[in-house]
J.: 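I have a structure I would like to understand better, so I am pasting it below and will then ask my questions one at a time.
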Amino acid sequence: MNVLVLTGAGISAESGIPTFRGANGLWEGWRLEQVATPDAFAREPDLVHRFYNERRRNLLDSQIRPNAAHSALAEFEKRHQGNFFLVTQNIDDLHQRAGSRQVLAMHGELLKARCLDSGELFDWRQDLSTTTPHPRDPSVLGRLRPHVVWFGEMPIGLERILTAATEADLFIAIGTSAVVYPAAGIVNMVKDNCRRIEINLESTPTSDLFDESLRGPASVLVPQTLARLESFGIDH
C-alpha cells in the first residue's frame with residue numbers, strides 16, 4: 001500500500017513553533033509582504049534576514065523537540081511494508097529529528113542557506129546577513145538567502161508530489177489549514193478509491209473531500225489514528 005502524508009503548521013505548533021498565519025493575516029506580528037516575498041528580500045534584505053534569524057534561533061532552542069505526532073509518523077514509516085512519502089509544508093526539521101526518512105520539505109528548510117548565484121545549498125545553523133561570507137569563497141559577501149520558498153516562488157518537488165498523490169492508496173493530511181496552494185490541492189490529485197483522512201483542530205475548506213475528518217491535537221490523534229489503521233489492517 002502506498003501512503004502519502006501531508007503535514008502543516010498544526011503538527012509543529014505543539015512543539016512550540018508558531019503557526020505560519022496568525023490573526024489579521026500576520027505572521028508573528030509581521031505582514032507576509034514584509035518578510036516572505038522575493039520583493040521584500042530585494043527591498044530590505046537586512047529585515048528579512050533578521051526575521052529568519054529569529055526563527056532559526058527558536059528552532060535550535062533546546063526546548064523545541066519533536067512531539068508524539070512526529071514520532072508516531074516516524075515509527076509508522078519504519079514498520080510500513082509499502083511505500084511511504086511524507087510531504088511537509090513546514091520549514092522546521094522536526095520530522096527528520098523524529099526519524100522520518102522519506103521527507104520532502106516543499107516550502108524549503110530553515111536550517112539551510114541557498115546561494116543566490118548558483119542555487120547551491122548549505123547546511124546552516126548561524127545567522128545570515130548581507131555581509132555573510134560565502135562558504136566557497138569568503139571574499140564574496142552577502143550572496144546567501146534562507147532556503148525558504150517565499151510567496152510568488154515555486155514550491156519544491158511538485159512532480160514528486162503529483163506522482164505520489166496519483167499512486168497513493170491512503171492520504172493523511174495533518175495540521176494544515178488547506179488555504180495555501182498547491183498543498184491544499186493535493187487531496188484533489190489522489191485517485192477516487194484512495195482513502196483520505198484529515199486531522200486538524202478545526203474544519204478546513206477541503207474537509208468535505210475527506211472520508212474522515214478528525215478534530216483534535218495532532219499529538220493525540222496521529223498516534224491513535226495510525227495505531228487504529230495498523231490494528232485493523234491499513235487497507236481495512
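Hydrogens, waters and symmetry mates are skipped; everything else that's a heavy atom, side chains included, is used. In this chain, numbering begins with 1 at the start of the sequence shown. Here the structure is a predicted model, which means the values were calculated and not measured.
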J.: Please tell me if the side chains of F84 and E77 come closer than 4.5 Å, counting only heavy atoms from C-beta onward.
T.: yes
J.: Shared ILVMFWY cluster between L214 and V222, side chains joined below 4.5 angstrom?
T.: yes
J.: Does the side chain of T7 come under 3.5 Å of the side chain of Q89 through a donor N or O and an acceptor N or O?
T.: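 Distance-only check fails for T7 and Q89.
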J.: More than 12 non-hydrogen atoms from neighbouring residues, nucleotides or ligands closer than 6.0 Å to CG on N193, yes or no?
T.: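 Correct, the count exceeds 12.
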J.: Could you tell me whether the side chain of T166 reaches within less than 4.5 Å of the side chain of K191, counting heavy atoms only?
T.: no
J.: For L111, run the side-chain contact (heavy atoms from CB on, under 4.5 Å) check against D92, D123, L59 and tell me which one passes.
T.: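 That would be L59.
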J.: Can you confirm whether F171 sits close enough to I197 that some side-chain heavy atom of one is under 4.5 Å from a side-chain heavy atom of the other?
T.: no
J.: Do R228 and T225 have side-chain heavy atoms sitting under 4.5 Å apart?
T.: yes
J.: Do other residues, nucleotides or ligands put more than 12 heavy atoms under 6.0 Å from D61 CG?
T.: yes
J.: Report the residues that fulfil salt bridge (Lys or Arg N to Asp or Glu O under 4.0 Å) with R136, sequence neighbours left out, ordered by chain and then residue number.
T.: E120
J.: Can you tell me if T204 uses its side chain to pair, donor with acceptor, with the backbone of S177 under 3.5 Å?
T.: no
J.: Set out, in order, the CA-CA distance, both residues' side-chain angles and the distance that settles side-chain contact (heavy atoms from CB on, under 4.5 Å) for C194 and D169, then state yes or no.
T.: CA-CA 4 Å; C194 175; D169 302 299; 5.7 Å; no
J.: For residues L158 and I156: do they belong to one hydrophobic cluster (side chain heavy atoms under 4.5 Å, members Ile, Leu, Val, Met, Phe, Trp, Tyr)?
T.: yes
J.: Quick check: closest heavy atoms across P182 and P155, and the distance to 0.1 Å?
T.: CD-CG, 3.5 Å
J.: For the NE2 atom of H80 and the CD atom of Q102, what is their distance to the nearest 0.5 Å?
T.: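 Reported to 0.5 Å precision, the distance equals 11.5 Å.
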J.: Salt bridge check, R145 against E153: does any charged N sit closer than 4.0 Å to a carboxylate O?
T.: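 Yes, this pair counts.
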J.: Test L116 against L144 for side-chain contact (heavy atoms from CB on, under 4.5 Å), laying out the working first.
T.: CA-CA 6 Å; L116 289 165; L144 297 177; over 6 Å; no
J.: In the structure I gave you, are the side-chain heavy atoms of H107 and N90 within less than 4.5 Å of one another anywhere?
T.: no
J.: Quick one: pull up CG in N200 and OG in S207 and give me the separation to the nearest 0.5 Å.
T.: 7.0 Å
J.: Would a single hydrophobic cluster contain both V220 and I174, if residues Ile, Leu, Val, Met, Phe, Trp and Tyr are joined by side-chain heavy-atom contacts under 4.5 Å?
T.: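 I174 and V220: separate clusters.
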J.: Between E14 and R65, does a salt bridge (Lys or Arg N to Asp or Glu O under 4.0 Å) hold up when you go through it step by step?
T.: CA-CA 9 Å; E14 294 181 69; R65 300 169 185 161; over 6 Å; no
J.: Using 4.0 Å as the upper bound for N to carboxylate O, is an ion pair formed by R215 and E198?
T.: yes
J.: Roughly how far, to the nearest 0.5 Å, is CD1 of I186 from CZ of R196?
T.: 13.5 Å
J.: Tell me, with the steps shown, if T163 and R160 meet side-chain contact (heavy atoms from CB on, under 4.5 Å).
T.: CA-CA 5 Å; T163 298; R160 289 182 64 195; 5.8 Å; no
J.: Quick one: does T176's side chain get under 4.5 Å of L6's, heavy atoms only?
T.: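 Yes, their side chains come closer than 4.5 Å.
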J.: How close do A68 and S219 get, heavy atom to heavy atom, and via which atoms?
T.: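 Looks like CB-O, 3.5 Å.
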J.: Is R43 salt-bridged to D39, cutoff N-O under 4.0 Å?
T.: no
J.: Determine whether L73 and I11 satisfy the following criterion, side-chain contact (heavy atoms from CB on, under 4.5 Å), listing intermediate values before the conclusion.
T.: CA-CA 11 Å; L73 285 167; I11 196 171; 3.8 Å; yes
J.: Which atoms form the tightest heavy-atom contact between A72 and L226, and what is the distance?
T.: O-CD1, 3.6 Å
J.: If you look at every heavy atom in F151 and P38, which pair is closest and at what distance?
T.: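 Nearest pair, atom of F151 first, then P38: O-CD, 3.2 Å.
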J.: If we ignore hydrogens and angles and just use 3.5 Å, is the side chain of E44 paired with the main-chain N or O of A42 as donor and acceptor?
T.: no
J.: Can you name the residues that form a salt bridge (Lys or Arg N to Asp or Glu O under 4.0 Å) with D127, not counting sequence neighbours?
T.: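 D127 satisfies salt bridge (Lys or Arg N to Asp or Glu O under 4.0 Å) with R57 once adjacent residues are dropped.
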J.: Which atom names give the shortest non-hydrogen contact between A74 and A98, and what distance separates them?
T.: CB-O, 3.3 Å
J.: Would you check if L4 and V87 make a side-chain contact, meaning some heavy-atom pair closer than 4.5 Å?
T.: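 Yes - at least one pair of side-chain heavy atoms lies under 4.5 Å apart.
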J.: Just to verify, which of V3, L170, I172 counts as forming a side-chain contact (heavy atoms from CB on, under 4.5 Å) with R195?
T.: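 With R195 as partner, side-chain contact (heavy atoms from CB on, under 4.5 Å) holds for just one option, L170.
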J.: Hey, quick one: are V187 and L104 part of the same hydrophobic cluster, counting side-chain heavy atoms closer than 4.5 Å, chains of contacts allowed?
T.: yes
J.: Say whether R56 and N53, considering side chains only, have a donor N or O and an acceptor N or O under 3.5 Å apart.
T.: yes
J.: Search all heavy atoms of V35 against all heavy atoms of W150 and return the closest pair with its distance.
T.: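 It is O-NE1, 3.9 Å.
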J.: More than 12 foreign heavy atoms under 6.0 Å from CZ of R125: is that the case here?
T.: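 Open.
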J.: Do T130 and R143 have side-chain atoms, one donor and one acceptor, less than 3.5 Å apart?
T.: no
J.: CG/N83 to CD/E167 distance, rounded to the nearest 0.5 angstrom?
T.: 7.5 Å
J.: Answer with yes or no after comparing the ring centroid distance for Y52 and H147 against a 6.0 Å cut-off, counting only values under it.
T.: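 Centroid distance Y52-H147: not below 6.0 Å, so no.
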J.: Does the gap between the ring centers of H49 and F41 come in under 6.0 Å?
T.: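 Judged by ring-centre distance (under 6.0 Å), H49 and F41 do meet the cut-off.
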J.: Establish, from distance only, whether the side-chain atoms of S15 and S12 form a donor-acceptor pair under 3.5 Å.
T.: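 Judged by distance alone, the side chains do not pair up.
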J.: V179 and Y181: same hydrophobic cluster, using ILVMFWY side-chain contacts below 4.5 Å?
T.: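 Result: no, two separate clusters.
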J.: Under 4.5 Å between any side-chain heavy atoms of P146 and L128, yes or no?
T.: yes
J.: Could you grab the distance from atom CZ of F51 to atom CD of Q34, nearest 0.5 Å is fine?
T.: 9.5 Å
